[in-house]
Amino acid sequence: MPCGVEALDLPVRNGAPSRSGGPRPRNTMAHLDSEVKEECLREDLKFYFMNPCEKYRARRQLPWKLGLQILKIVMVTTQLVRFGLSNQLVVAFKEENTVAFKHLFLKGYSGIDEDDYSYSVYTQEDVYESIFFAINQYHHLKNISLGTLGYGENEDNRIGLKVCKQHYKKGSMFPSNETLNIDSDTERDCLHIDLQALSKNPQDWKNSSFFRLEFYRLLQVEISFHLKGIDLQTIHFRELPDCYIFQNTITFDNRAHSGKIKIYFDSDAHIEECKDLNISGSIQKNTQYILVFDAFVIVICLASLILCTRSIVLALKLRKRFLNFFLEKYKRHVCNADQWEFINGWYVLVIISDLMTIIGSILKMEIKAKNLTNYDLCSILLGTSTLLVWVGVIRYLGYFQAYNVLILTMQASLPKVLRFCACAGMIYLGYTFCGWIVLGPYHDKFEDLDTVAECLFSLVNGDDMFATFAQIQKKSILVWLFSRLYLYSFISLFIYMILSLFIALITDSYDTIKKYQQNGFPDTDLQEFLKDCSSKEKCQKESSAFLSCICCLRRKGSDDHLILIN
């Protein structure tokens with residue numbers, strides 16, 4: 001029977017009878033009390049570091065906490081799959097509407113974007129035709145669109161199009177004489193065209209002086225309008241439909257003044273609560289079932305959160321007992337590695353995942369009831385929590401020696417790997433900045449810093465090497481030669497040296513762990529303390545009958561919670 005800590009605080013009465021009937025000396029009683037305290041602490045520590053199977057064999061204690069975690073994995077995964085299928089409908093509806101808008105409002109759109117913009121025009125006539133085409137399509141939207149669309153109010157609470165143009169204030173340019181006189185300050189003029197104006201004679205607004213563009217001063221023309229839509233496909237999946245507001249913007253970009261105007265189409269979709277939903281059938285009942293399921297997931301995660309938090313608190317109390325005893329008996333502090341043994345990192349992982357699941361489930365219930373529309377935040381919370389839950393399964397595989405190698409190798413190699421990555425990262429950043437400033441004007445993959453970093457990372461993994469070499473423009477022989485030196489040195493340095501050293505660090509840690517598994521791990525102070533009494537039979541031989549009697553009689557029923565930690 002293990003002993004709790006409170007039992008050790010009961011005083012031993014002076015003059016308690018010994019086996020011979022006479023009073024037992026005080027120093028003998030103090031020594032016995034110290035042995036009782038040490039033995040009870042050792043038994044508590046042994047039970048704490050047992051896995052669920054060992055605890056069941058030792059005390060027939062059912063691993064109900066393990067069962068709760070397994071149930072939580074099933075519930076959280078089921079919840080995520082259902083939310084993922086619902087989220088796919090949202091993403092598909094947004095993407096398909098964006099493609100439909102491009103075909104509706106962009107004249108001559110081929111269906112394939114050019115680089116990062118939709119398409120481009122090269123004559124003044126094409127610019128005017130593209131602008132007027134978009135306005136006319138907006139006017140006749142209800143007659144030509146296949147979607148469930150309607151007109152929406154813009155930021156000025158007006159229905160219609162807003163056309164804005166940005167240009168230099170004034171200037172004149174004569175390329176043949178190589179003369180330029182221009183004011184670098186810019187102006188922005190806007191024109192609102194409502195549906196009534198569009199219904200009148202189109203020539204009235206087409207002939208407006210606003211649309212007389214001076215292309216040598218023009219920077220960009222922007223057409224913005226709002227549309228509303230309802231996603232009816234969710235009804236087929238027994239879910240309530242969502243109402244959308246699409247903020248569409250068509251931008252004619254002439255900032256380069258290169259004779260090529262790039263046309264961008266941007267559609268920003270926002271989900272809003274539908275004002276009046278009247279849907280008959282079984283959708284409402286199906287929604288209620290899903291809300292009940294989400295509430296049950298919250299209850300399961302809340303129970304797991306409370307139990308894991310309680311386990312960490314009790315483990316900290318057990319650690320305090322061990323630290324005080326070790327300092328009292330051996331007159332020195334326990335090393336940090338032994339102190340961290342009491343902090344179960346898996347419990348911290350479970351607590352974080354439980355918190356994220358609870359918050360994500362609440363958001364999901366609000367989204368399902370159409371009170372909230374923040375799909376992105378809910379997806380991040382539920383996705384990350386499910387990731388952590390499945391990573392936590394490794395804890396139970398780690399109870400078997402054959403599956404524990406991965407965890408031990410990661411723990412042993414992580415500090416060395418982090419230090420190594422910090423040094424290699426400095427070299428990587430240097431190559432990133434150098435490639436951006438030198439090769440940016442001549443290579444698409446080096447145009448901006450984030451693209452350069454992604455390109456170099458793909459090169460380290462051996463991806464798309466030949467294309468990176470081949471796409472460099474040969475307009476400058478000096479830059480072309482530099483690109484070869486740059487790419488060859490980077491690939492040779494990172495693949496043949498840095499990546500090999502990185503793998504060697506992990507391999508070295510793996511070999512060390514394998515050797516320890518065969519020959520035994522080095523014993524720490526905590527392990528030495530636990531090995532002092534390695535078996536129950538040995539303890540019974542070394543402990544007197546009087547000592548065992550005191551240990552059993554002094555235990556309180558309230559002490560069990562300090563032992564049943566794991």
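Here the structure is a predicted model, which means the values were calculated and not measured. All values below come from the heavy atoms of this structure, side chains included, with hydrogens, waters and symmetry mates left out.
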Full working for side-chain contact (heavy atoms from CB on, under 4.5 Å) between F446 and V452
CA-CA 5 Å; F446 292 85; V452 177; 3.8 Å; yes
Roughly how far apart are [X] [atom1] and [Y] [atom2], rounded to 0.5 Å?
| X | Y | atom1 | atom2 | value |
| --- | --- | --- | --- | --- |
| M75 | L80 | CE | CG | 13.5 Å |
| M426 | C421 | CE | SG | 10.5 Å |
| L505 | K416 | CG | NZ | 6.0 Å |
| I306 | S311 | CD1 | OG | 12.0 Å |
| I245 | H270 | CD1 | NE2 | 8.5 Å |
| K72 | Q79 | NZ | CD | 12.0 Å |

Atom of [X], atom of [Y] and distance for their closest heavy-atom approach:
| X | Y | value |
| --- | --- | --- |
| G229 | L149 | CA-CD2, 4.3 Å |
| A467 | K445 | CB-NZ, 4.3 Å |
| M465 | L459 | CE-O, 3.4 Å |
| F420 | L501 | CZ-CB, 3.7 Å |
| C455 | T468 | SG-CG2, 4.1 Å |
| I495 | V460 | CG1-O, 3.6 Å |

For residues S304 and D354, is any side-chain donor paired with an opposing acceptor at under 3.5 Å?
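There is such a pair between these side chains.
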Could you go step by step and tell me if S379 and N87 meet the side-chain hydrogen bond (donor to acceptor under 3.5 Å, both in side chains) rule?
CA-CA 8 Å; S379 300; N87 199 21; 3.1 Å; yes
Please tell me if the side chains of [X] and [Y] come closer than 4.5 Å, counting only heavy atoms from C-beta onward.
| X | Y | result |
| --- | --- | --- |
| F433 | L449 | yes |
| C301 | V76 | yes |
| L314 | K317 | yes |
| I271 | I367 | no |
| T78 | F293 | yes |
| L307 | Y347 | no |
| T251 | D266 | no |
| Q411 | L408 | yes |

Report the C-alpha distance between L227 and F101 in whole Å, list the side-chain angles of each, state the deciding distance to 0.1 Å, and finish with yes or no for side-chain contact (heavy atoms from CB on, under 4.5 Å).
CA-CA 10 Å; L227 298 175; F101 291 153; 3.8 Å; yes
Say whether, by atom type as modelled, one donor and one acceptor occur between the side chain of [X] and the main chain of [Y] under 3.5 angstrom.
| X | Y | answer |
| --- | --- | --- |
| S145 | L141 | no |
| S86 | R82 | no |
| N97 | F93 | yes |
| Y428 | F457 | yes |
| S361 | I298 | no |

Would you call the rings of F246 and Y244 parallel, tilted or perpendicular if under 30° counts as parallel and over 60° as perpendicular?
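Ring orientation, 0 to 90° scale: parallel.
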CA sep, side-chain torsions, deciding dist, call: I290, K364, side-chain contact (heavy atoms from CB on, under 4.5 Å):
CA-CA 10 Å; I290 296 176; K364 181 177 179 293; 3.6 Å; yes
[atom1] of [X]: more than 12 outside heavy atoms within 6.0 angstrom?
| X | atom1 | answer |
| --- | --- | --- |
| K320 | NZ | no |
| I112 | CD1 | no |
| W436 | CH2 | no |
| L146 | CG | no |
| Y151 | OH | yes |

Please evaluate residues Q88 and L85 with respect to the criterion side-chain contact (heavy atoms from CB on, under 4.5 Å), reporting the C-alpha separation (whole Å), side-chain torsions for both, the decisive distance (0.1 Å), and the verdict.
CA-CA 5 Å; Q88 282 182 356; L85 294 175; 4.0 Å; yes
